Amino acid sequence: MSLDARVPIGPLSEKWTKCKNELKLVSPTNKRKYDIIVIGSGLAGASAAASLGELGYNVKVFCFQDSPRRAHSIAAQGGINAAKNYQNDGDSVGRLFYDTVKGGDFRAREANVYRLAEVSANIIDQCVAQGVPFAREYGGTLANRTFGGVLVSRTFYARGQTGQQLLLGAYSSLMRQVERGKVKLYSRHEMLDLVLVDGVARGVIARDLTNGNFEKHAAHAVLLCTGGYSNVFYLSTNAKGCNATAIWRAYKRGAYFGNPCFTQIHPTSIPQHGDYQSKLTLMSESLRNDGRVWVPKQKGDKRRPEAIPEGERDYYLERKYPTYGNMVPRDVASRNAKAVCDEGRGVSETGQAVYLDFADAIKRDGREVIRQKYGNLFHMYEKITGENPYHTPMKIYPAPHYTMGGLWVDYHLESTIPGLFVLGEANFSDHGANRLGASALMQGLADGYFIAPYTVGHHLAGRKLPKVSTDGPEFEEALRAAKGRVDRLLKINGKRSVDSFHRELGRIMWDKCGMSRSEAGLKEAIAKIRALREEFWNNVKIPGGNAELNQSLEQAGRVADFIELGELMCRDALNRRESCGGHFREESQTEENEAKRDDENYLYVSAWQHQGDDKEPTLHKEPLAFESIHLTQRSYK
Amino acid sequence: MEKKLNLTLKIWRQKGPQAQGRLVTYPVQGVSTDASFLEMLDVLNEELLKKGEEPVAFDHDCREGICGMCSLMINGQTHGPDRETTTCQLHMRRFKDGDTIVIEPWRAKSFPILKDLVVDRTAFDRVIAAGGYASVNVGNAQDANCILVGKESADRAMDAAACIGCGACVASCKNASAMLFVAAKVTHFAELPQGQPERYKRAQAMVAQMDAEGFGGCTNTYECEAACPAGIQVTTIAKLNREYLKSSFAYAEESKSSEGEG
Ligand SMILES: Cc1cc2nc3c(=O)[nH]c(=O)nc-3n(C[C@H](O)[C@H](O)[C@H](O)COP(=O)(O)OP(=O)(O)OC[C@H]3O[C@@H](n4cnc5c(N)ncnc54)[C@H](O)[C@@H]3O)c2cc1C
Ligand code: FES
């Protein structure tokens with residue numbers, strides 16, 4: 001199958017308008033004849049489901065939490081970008097577009113990113129109309145902040161709870177459609193398989209997590225809005241339940257997986273403190289504006305930080321990058337932290353941390369100024385670690401945070417399976433090899449409010465979609481497969497807990513497919529992951545049965561999928577023998593050990609096609625052409 | 001500095017919604033004071049698993065205090081002893097070596113127990129569905145700066161909108177009232193121009209649904225405020241009462257005047 005991204009021809013700035021003009025429409029009276037399944041209730045899923053319900057379709061929404069309002073989007077803190085130019089500082093659609101493409105290290109599809117920038121302003125309007133309480137100036141206009149190294153102030157926010165407020169806005173619209181009878185909710189449900197009829201996505205198999213009942217649901221279109229897969233690393237900043245099961249099962253049914261190895265490691269998270277640790281907490285990267293990053297010059301120096309004299313400290317970012325210093329981009333900061341820890345100069349009991357020191361800033365500006373800027377973050381840090389950052393430097397370490405990779409989609413957000421649309425973090429589309437801060441929320445809502453409602457209609461109006469019955473053979477086959485898998489898991493009755501496998505996978509991924517990747521390391525990882533998979537299916541222990549709320553069973557299914565996805569990520573990283581964005585290949589660096597992109601050989605999106613459980617997947621390439629942008633190498637010296 | 005604790009846990013175990021539940025005692029050894037409360041339960045669960053026993057089911061997701069999924073009654077206090085702190089943000093350094101900790105689920109008629117410490121809070125969703133929104137379709141919004149909102153109102157709206165929907169207010173209330181939850185949402189919208197058109201209908205509909213779900217009435221004991229991890233204040237309840245009272249007149253008028261129109 002060839003990869004047709006269905007990007008409209010014509011000038012960049014007219015593509016979306018042209019596309020919308022040409023999309024087929026479903027007549028108002030016919031809309032109620034169509035059923036749509038939305039998996040996921042985060043920003044992408046809730047906004048899509050609400051909009052489709054408003055249009056008159058019959059929508060079913062699934063999420064694994066007990067309420068759609070708890071989707072992981074709720075945890076986003078910083079803000080959401082939009083090219084409003086309210087600050088009159090020269091922002092524009094073109095500039096937001098350019099920043100996003102460059103931030104993604106030129107590995108995103110130009111037309112999609114442009115459209116994202118184009119609809120960004122409408123998102124803010126929509127959210128305000130819903131009653132999202134964005135931060136305001138005294139005059140009553142919306143406030144903005146600057147974010148992540150761009151030159152304009154275009155980030156909208158609601159205190160440190162932007163994701164929460166945006167999600168509650170989308171959730172309230174969703175609940176309004178529930179009340180109108182246009183949306184039906186299936187919370188505490190997990191999608192376990194996708195059902196194809198005549199090659200078109202026509203339904204799902206879901207498990208009711210409260211009692212283990214398997215359900216068959218038919219529809220005319222299926223939207224996956226299931227978020228990212230950073231939890232493949234076990235420890236990440238994501239919520240514990242975030243998983244790849246929905247997209248992975250769709251991949252196994254024929255949807256291509258785009259750029260699986262593109263993951264973002266955020267430089268400032270609270271480090272791991274013990275073996276029992278279950279997740280990592282993000283500390284806003286704004287802290288790097290005033291904090292100075294350092295480690296001792298001497299290996300294994302166990303003195304308290306205050307006892308280490310100035311001359312024996314290595315402010316390695318300031319030393320290596322005199323121009324940008326502590327403000328280098330996320331990927332550079334993360335890689336350097338890992339490098340100094342690998343040298344044995346990391347701090348804390350684990351040796352896996354670096355200092356972020358506010359002593360100079362406090363001396364310069366006074367404690368009060370620092371408190372005003374970062375008080376809530378310092379408080380959160382103290383709560384978690386029991387240490388007071390006003391007195392002793394913070395300890396930080398990078399953590400897996402976001403996955404740019406995901407199911408491949410065309411300009412319509414449709415995957416290689418007709419009728420299967422993928423929105424939000426679950427798709428691969430807009431962030432290339434690295435995502436800029438405050439742009440994931442923007443993308444999720446753009447996809448859900450402003451793009452999918454149009455393009456899904458085109459699919460419904462344009463394709464013959466005969467009535468399907470959930471008693472048909474395709475549903476029966478998928479149901480048997482899903483049940484069979486659960487039975488198989490429960491029967492293993494081995495010795496190791498699901499968690500222990502997940503931790504082991506996480507370790508392999510972190511070491512070999514994390515911040516720095518090499519051919520030898522990736523090959524080793526693939527071999528290890530295969531062995532782990534073998535052991536998992538022979539030695540995992542899952543207590544209890546299917547017909548009850550069984551959290552170990554839920555987790556087992558997810559970990560089984562993560563193990564397979566981990567292998568694909570390594571394979572993709574192995575193929576991409578260049579460094580770009582969050583993906584650093586040791587074989588591809590400059591003389592100063594900086595990332596070296598290779599546009600000549602890798603200016604493409606990798607789209608992987610599943611060929612069978614023990615067969616190698618096939619790599620397809622979507623070439624990237626930049627019509628309006630000149631490609632440059634990044635430098636932060 | 002990290003220390004190790006030996007603790008006695010008494011945990012509510014209940015096989016399923018209809019099953020009889022009881023408190024079961026589990027000793028745990030060597031719990032790090034740096035661990036979070038939920039990590040302590042993770043450790044216990046790993047041990048139970050090794051012994052061939054079923055792990056304790058409990059709800060959680062973000063483990064950052066924002067999703068509202070975690071919900072434990074710890075020694076009789078919702079989310080444990082710290083103010084404005086969810087269970088997932090509670091750390092073991094808050095406890096002493098040798099402590100006994102009783103861990104129970106939220107208890108309220110409208111939050112039936114599903115298993116062990118997991119309860120069903122979908123009643124909250126239904127209360128929101130009754131009116132916790134501004135009825136505006138995608139595509140209808142004007143430029144966001146067209147309607148100015150004073151910083152103070154925006155801040156008050158945000159204070160109320162910060163509710164994480166965990167249900168601690170209900171669980172802490174002797175009447176199992178959901179007033180604080182409803183009041184937070186009604187206040188959020190009442191403070192904003194976008195919330196005005198449906199202001200009265202909203203208060204009426206949400207309160208009616210709250211009653212239909214079987215939540216109890218408010219008798220002003222204010223346990224909810226002390227229990228709320230998001231710092232929602234009981235002044236919102238006063239606000240809800242005012243909105244409700246006004247709406248009783250206004251809404252009746254509204255409905256009357258629209259009668260007979262097609
Ligand atoms: C700590 C943190 C802070 C962040 N801060 C920012 C920020 O400031 N700005 C920004 O732009 N981005 C931020 N991000 C990124 C951003 O929050 C996410 O990328 C975005 O919210 C993802 O939204 P989503 O709708 O795609 O998925 P999610 O919100 O993750 O929703 C996934 C949904 O899918 C459901 N689901 C998953 N699998 C299944 C299944 N098999 N069956 C049924 N349901 C399923 C879940 O229940 C959930 O409802 C942050 C991320 C983190 C971790
Ligand atoms: S787990 Fe999300 S608030 Fe506690």
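Below, read A as the first sequence line, B as the second, and so on, with proteins coming before strands; counting in each chain starts at 1. This structure is a prediction, so every number in the text was calculated from the model and none was measured.
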Side chain from CB out, backbone as N, CA, C, O: work out which of these in [X] comes under 4.5 Å of a heavy atom of chain A, or both, or neither.
X	value
B/N137	both
B/L48	neither
B/S135	both
B/V43	side chain
B/V31	neither
B/L192	side chain
B/V119	backbone
B/E2	side chain
B/A162	both
B/Q142	backbone

If I measure from the heavy atoms of chain B, does [X] come under 4.5 Å with its side chain, its backbone, both, or neither?
X	value
A/K495	neither
A/I123	neither
A/T281	both

Query - Atom pair NE2/CD1 of B/H188 and B/I232 - distance to nearest 0.5 Å - result: 11.0 Å
Query raised in the report: How long is the span from the CZ atom in A/F450 to the OG atom in A/S120, to the nearest 0.5 Å?
Result: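 Here the interatomic distance stands at 10.0 Å.
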Flag the one option from [options] with the top tally of heavy-atom pairs under 4.5 Å to chain B.
options	value
A/Q126, A/R176, A/R159, A/E54	A/R176
A/R180, A/E137, A/Q165	A/Q165
A/S497, A/S552, A/G139	A/S497
A/K383, A/Q130, A/Q177	A/K383
A/V132, A/L168, A/I384	A/I384
A/G544, A/S47, A/A129, A/P453	A/A129

Would you say the side chains of [X] and [Y] form a donor-acceptor pair under 3.5 Å?
X	Y	answer
B/R13	B/Y26	yes
B/N145	A/T141	no
A/Y234	A/D499	yes
A/Q87	A/N144	yes
A/Y171	B/D125	yes
B/R63	A/S278	yes
B/D61	A/Q65	yes
B/S32	A/Y276	yes
B/S110	B/E213	no
A/Q551	A/Q555	no

**Report entry** Any pair counted as salt bridge (Lys or Arg N to Asp or Glu O under 4.0 Å), so long as it reaches residues 161-171 of chain A, sequence neighbours left out
**Finding:**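 Those involving residues 161-171 of chain A do not exist here.
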**Report entry** Any residue meeting salt bridge (charged side-chain N to carboxylate O under 4.0 Å, His left out) with A/K240, in chain and number order, not counting sequence neighbours
**Finding:** none
Report task. Go through the structure and list residues passing side-chain hydrogen bond (donor to acceptor under 3.5 Å, both in side chains) with B/D155, not counting sequence neighbours. Result -> B/K151
Requested in this report: Under 4.5 Å, heavy atom to heavy atom: which of residues 33-40 of chain B reach chain A? Give them by number, or say none.
Outcome: B/D34, B/A35, B/E39
Residue selection (most heavy-atom pairs with chain A, distance under 4.5 Å) from [options]:
options	answer
B/D116, B/N45, B/I66, B/V138	B/V138
B/N140, B/T122, B/D42, B/T85	B/T85
B/E53, B/M158, B/R126, B/K115	B/M158
B/A134, B/P193, B/G139, B/C67	B/C67
B/E46, B/H60, B/R94, B/H91	B/H91

Query raised in the report: Is the distance between the ring centroids of B/F111 and B/F215 less than 6.0 Å?
Result: yes
Query raised in the report: Is the backbone of A/G545 close enough, under 3.5 Å, to the side chain of A/E548 for a donor and an acceptor to pair up by distance?
Result: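 It does hold such a pair.
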Report task. Answer yes or no on whether B/R202 is positioned over the face of B/F189, meaning its NZ or CZ is under 6.0 Å from the six-membered ring centre and within 45° of the axis. Result ->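 Cation-pi check for B/R202 and B/F189: passes.
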